[in-house]
There are 2 protein chains.
Amino acid sequence: MAKKDDFDLEDFLPYLLNQAAEESSMAFQRVYKGRYGMLRNEWRVLFHLGNYGQMTAKEIGTRARMHKTKISRAVSKLEKRRFLTRTKDDEDRRVEHLNLTATGQAAYRDLHSVAKTYDQKLSALFPVAEAKMLRNMLRRLSGIE
Amino acid sequence: MAKKDDFDLEDFLPYLLNQAAEESSMAFQRVYKGRYGMLRNEWRVLFHLGNYGQMTAKEIGTRARMHKTKISRAVSKLEKRRFLTRTKDDEDRRVEHLNLTATGQAAYRDLHSVAKTYDQKLSALFPVAEAKMLRNMLRRLSGIE
DNA sequence: ACTTAATAGTTGATTTTGTAACTAACAACC
DNA sequence: GGTTGTTAGTTACAAAATCAACTATTAAGT
């Protein structure tokens, strides 16, 4: 019996995106969780600081599109584990500048290298041009309103 | 100052996938939440039953890759709201067959049509061939182990 | 038949998230 | 300079996810 409708749940882009996102996050999650007991938000904050250097919580939130409470909690945990330090801005004392400690940087380098390898493995599923196109399409989809 | 490393966080596929998934889910979430007070898991169960007809919780879990506790709770809520009914299997009385009620089917049809329209809008961001390729790539990424 | 293992689904305790209200600091306006 | 508004970040409480333990039923091995 053929489907009476041509639009199948498994063609629904948000669904496909979710499945792919979840599946592809899993393997990597096991690494940062296993090695450093980190949660996803903590890893994201770590990665942003490692990648872009000193940032404020606000800046991370804007870039990563994370809500400020997520960042606040992630920063607290990372601070408790001595992965980062805070320093108040002199001119605007509401603002805190976040910096990775040596420990944090080591963790970042480690995870960065795992991520890079993993990304290459995923990308290798497709021809180079297609993998590049995929990234562009995903970026485009992220910018919808 | 150029980046010292060629691998940027914003190129990381799991990250891009998550952003795109989250962004594209949001608009649709507002609909099923607003119209029917549903959560994502409830919508997923509803959609599976609407799409494939009678199923067991186990079958839904396998197809949608949802954990059984999520399904159990989603099914309870949908049952409470009279969107579905359960019937015990005669041969194996552990198994419950789930079916949408008329109300459930109406909700499904409504949301299905919204999803279809929304999917077309998303797909229209790209040429037809590319949109098709995107789906294929996402399916491929979902099947990684 | 009887013990052990496996399976479908539920429940409860803990962790994590989400939402909203909050503090503290700055800015703008009059 | 005092009122009002805005912004950075935190905290408290409710909602939801996770993980392990649980019930009930079936299957398998002896």
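Residue numbering restarts at 1 for every chain, and letters A, B, ... go by the order of the sequence lines.
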Participant: Can you measure Q29(A) atom CD to dT16(C) atom C1' for me and round it to whole angstrom units?
Facilitator: 12 Å
Participant: Could you pull out all residues at least two apart from Y32(B) that satisfy ring pair (Phe, Tyr, Trp, His ring centres under 6.0 Å)?
Facilitator: F28(B), W43(B)
Participant: With sequence neighbours excluded, tell me which residues meet salt bridge (Lys or Arg N to Asp or Glu O under 4.0 Å) with R109(B).
Facilitator: none
Participant: Could you tell me how far apart E96(A) (CD) and dT7(D) (P) are, to the nearest whole angstrom?
Facilitator: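 Between P of dT7(D) and CD of E96(A): 18 Å.
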Participant: Could you work out, with salt bridge (Lys or Arg N to Asp or Glu O under 4.0 Å) as the rule, every residue matching K33(A), not counting sequence neighbours?
Facilitator: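 Result, salt bridge (Lys or Arg N to Asp or Glu O under 4.0 Å) vs K33(A): none returned.
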Participant: Measure from CG on D89(B) to C1' on dA27(D) and round the result to the nearest Å.
Facilitator: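 For the pair D89(B) CG and dA27(D) C1', the rounded distance is 15 Å.
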Participant: Quick one: L84(B) CG to dG9(C) P, roughly how many Å, whole number?
Facilitator: 13 Å
Participant: Under a 4.0 Å threshold between the charged nitrogen and the carboxylate oxygen, would D11(A) count as salt-bridged to K116(B)?
Facilitator: no
Participant: Is the shortest side-chain N/O distance from S72(A) to OP1 or OP2 of dT10(D) below 4.0 Å?
Facilitator: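 Yes.
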Participant: Find the distance K88(A):NZ to dA25(C):P and express it as a whole number of Å.
Facilitator: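 From K88(A) NZ to dA25(C) P: 8 Å.
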Participant: Between K68(B) (NZ) and dA8(C) (P), how many Å, whole number?
Facilitator: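 Spelled out: NZ on K68(B) to P on dA8(C) is 8 Å.
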Participant: List, with names and distances, any nitrogen or oxygen atoms from the protein found under 3.5 Å away from nitrogen or oxygen atoms belonging to nucleotides 16-18 of chain D.
Facilitator:
from    : atom 1 : to     : atom 2 : distance (Å)
dT18(D) : OP2    : K70(B) : NZ     : 3.0
dT18(D) : O4     : R73(B) : NH1    : 3.0

Participant: Against T56(B), only a single residue in T62(B), V95(B), D89(B) fulfils side-chain contact (heavy atoms from CB on, under 4.5 Å); can you say which?
Facilitator: V95(B)
Participant: Separation of R30(B) atom CZ from dG18(C) atom C1', in whole Å?
Facilitator: 15 Å
Participant: How many angstroms lie between atom CG of L16(A) and atom CG of L9(A), to the nearest 0.5 angstrom?
Facilitator: 8.5 Å
Participant: What is the distance, rounded to the nearest whole Å, between atom CD of E59(A) and atom P of dT7(D)?
Facilitator: 15 Å
Participant: Considering residues at least two apart in sequence or located in another chain, which fulfil the side chain to side chain donor-acceptor pair (under 3.5 Å) criterion with R82(A)?
Facilitator: none
Participant: Do the side chains of R65(A) and E22(B) get close enough for a salt bridge, i.e. N-O under 4.0 angstrom?
Facilitator: no
Participant: Please work out if E42(A) contacts a base, only the sugar-phosphate, or nothing of the nucleic acid, heavy-atom cut-off 4.0 Å.
Facilitator: nothing
Participant: Can you give me the N/O atom pairs linking the protein to nucleotides 4-7 of chain C at distances under 3.5 Å, or say none if there are none?
Facilitator:
from   : atom 1 : to     : atom 2 : distance (Å)
dT7(C) : O2     : R94(B) : NH1    : 2.6

Participant: Would R73(B) and E42(B) pass as an ion pair if we require N to O under 4.0 Å?
Facilitator: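 So R73(B) does not pair with E42(B) through a salt bridge.
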